[in-house]
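Each remark here refers to the structure printed beneath this line.
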Amino acid sequence: MGRDTIADLITSIRNADMAKKGTVRIESHNSTDNIIKILLEEGFIDNVRKHLEGKKNFLVLTLRHRRNRKGPDKSSLNLKRISRPGLRIYSNYQKMPRILGGMGIVIVSTSRGIMTDRQSRIEKIGGEILCYVW
């Protein structure tokens, strides 16, 4: 049995956001690096820096917070894992779901790499739906 690194990434970011932490440290993998790059480009996180500890590479993420939110349920960053190792979910570009009418993003793993739903519609390519972010 292998580890689900994408689920670990999503859970770490979600927990740190709910606990109002400023930074999160995540082990670096190819898939997690690509997802974090998308989150940075879309403005869901503020900053990313690489950190070498021993022989392992880690990424330190700086989360974006709203100052006026109150309570644990007023999270500014919502992430939901869709496809998982036990149940893979695929979609073509025409039936790709829209999150909050286009306000959120769907992260998709395609044959051309990991990209957002908007990019997959432009390139007319479908793939595995990894997660929703809004």
Checklist outcome for this item: Minimal heavy-atom distance between Gly102 and Arg118, with the atoms involved, is O-NH2, 3.7 Å
Next on the checklist: With side chain to side chain donor-acceptor pair (under 3.5 Å) as the criterion, how do Ser83 and Glu128 come out once you've worked through the C-alpha distance, each side chain's angles and the decisive distance to 0.1 Å?
Outcome noted: CA-CA 7 Å; Ser83 185; Glu128 180 183 356; 2.6 Å; yes
Checklist entry - Does one hydrophobic cluster hold both Ile38 and Leu63, with members joined at side-chain heavy-atom distances below 4.5 Å? => result yes
Item to check | Heavy-atom check, side chain of Asp8 versus side chain of Arg3, under 4.5 Å | outcome: yes
Next on the checklist: Once rounded to the nearest 0.5 Å, what's the spacing between atom CG of Leu61 and atom CZ of Phe44?
Outcome noted: 14.0 Å
Item to check | Contact summary for Leu77 and Asp17, nearest pair of heavy atoms | outcome: N-OD2, 3.3 Å
Next on the checklist: I want to check something: taking the side chain as every heavy atom from C-beta on, are Arg121 and Gln94 in contact at a cut-off of under 4.5 Å?
Outcome noted: no
Item to check | Side-chain donor/acceptor of Thr32 to backbone N/O of Ser28, under 3.5 Å | outcome: no
Item to check | Joint cluster assignment, Ile99 & Ile105, ILVMFWY side-chain distance < 4.5 Å | outcome: no
Item to check | Side-chain donor/acceptor of Gln119 to backbone N/O of Thr116, under 3.5 Å | outcome: yes
Next on the checklist: Measuring from atom CZ of Phe58 to atom CD of Glu53, what distance do you get when rounded to the nearest 0.5 angstrom?
Outcome noted: 5.0 Å
Next on the checklist: Quick check: do Ile125 and Tyr93 have side-chain heavy atoms less than 4.5 Å from each other?
Outcome noted: no
Next on the checklist: Which heavy atom of Pro97 sits nearest to which heavy atom of Asp117, and what is that distance?
Outcome noted: O-OD2, 3.6 Å
Checklist entry - Is any side-chain heavy atom of Ile89 less than 4.5 Å from a side-chain heavy atom of Leu87? => result yes
Checklist entry - Are the side chain of Arg81 and the backbone N or O of Ile6 linked by a donor-acceptor pair below 3.5 Å? => result no
Next on the checklist: Less than 4.5 Å apart, side chain to side chain, heavy atoms only: is that true for Ile26 and Ile13?
Outcome noted: yes
Next on the checklist: The test is salt bridge (charged side-chain N to carboxylate O under 4.0 Å, His left out); show your working for Lys37 and Glu42 and say whether it passes.
Outcome noted: CA-CA 9 Å; Lys37 181 181 170 189; Glu42 294 290 327; over 6 Å; no
Checklist entry - Should Glu27 and Leu9 count as side-chain neighbours, where that means a heavy-atom distance under 4.5 Å? => result no
Item to check | Heavy-atom pair of closest approach, residues Lys80 and Trp134 | outcome: CB-CZ3, 4.1 Å
Item to check | Separation of Thr62 OG1 from Asn47 CG (nearest 0.5 Å) | outcome: 4.5 Å
Item to check | Co-membership, hydrophobic cluster, residues Ile45 and Tyr132, 4.5 Å side-chain | outcome: no
Checklist outcome for this item: Between the CG atom in Asn34 and the NE2 atom in His29, the distance rounded to the nearest 0.5 Å is 12.5 Å
Next on the checklist: I'd like to know whether Ile129 forms a side-chain contact (heavy atoms from CB on, under 4.5 Å) with Met96, so could you lay out the CA-CA distance, the side-chain angles of the two residues, the decisive distance to 0.1 Å, and finally the verdict.
Outcome noted: CA-CA 9 Å; Ile129 298 174; Met96 193 72 60; 4.3 Å; yes
Item to check | Taking every non-hydrogen atom, the tightest pair across Ser31 and Thr5 | outcome: OG-OG1, 3.6 Å
Item to check | Stepwise side-chain contact (heavy atoms from CB on, under 4.5 Å) test for Leu59 and Asp33 | outcome: CA-CA 8 Å; Leu59 297 173; Asp33 291 351; 2.9 Å; yes
Next on the checklist: Are more than 12 heavy atoms, taken from residues, nucleotides or ligands other than Arg98, located less than 6.0 Å from that residue's CZ atom?
Outcome noted: no
Item to check | Within one Ile-Leu-Val-Met-Phe-Trp-Tyr cluster: Ile10 and Ile107, side-chain cutoff 4.5 Å | outcome: yes
Next on the checklist: Tell me the closest heavy-atom pair linking Thr110 and Gly126, and the distance in Å.
Outcome noted: CG2-O, 3.5 Å
Checklist entry - Going through the distances and angles, do Val48 and Val60 end up as a side-chain contact (heavy atoms from CB on, under 4.5 Å)? => result CA-CA 6 Å; Val48 178; Val60 179; over 6 Å; no
Item to check | Same apolar cluster (I L V M F W Y, side chains within < 4.5 Å links), Leu39/Val106 | outcome: no
Checklist entry - Between Arg14 and Leu79, is there a donor-acceptor pair closer than 3.5 Å when you use the side chain of the first and the backbone of the second? => result yes
Checklist entry - Does the side chain of Ile35 reach to within under 4.5 Å of the side chain of Ile114, using non-hydrogen atoms? => result yes
Checklist entry - So Asp4 and Arg84, salt bridge (charged side-chain N to carboxylate O under 4.0 Å, His left out) or not? Walk me through it. => result CA-CA 8 Å; Asp4 188 6; Arg84 50 192 170 89; over 6 Å; no
Checklist entry - Got a second to check how far Lys21's NZ is from Ser12's OG, nearest 0.5 Å? => result 13.0 Å
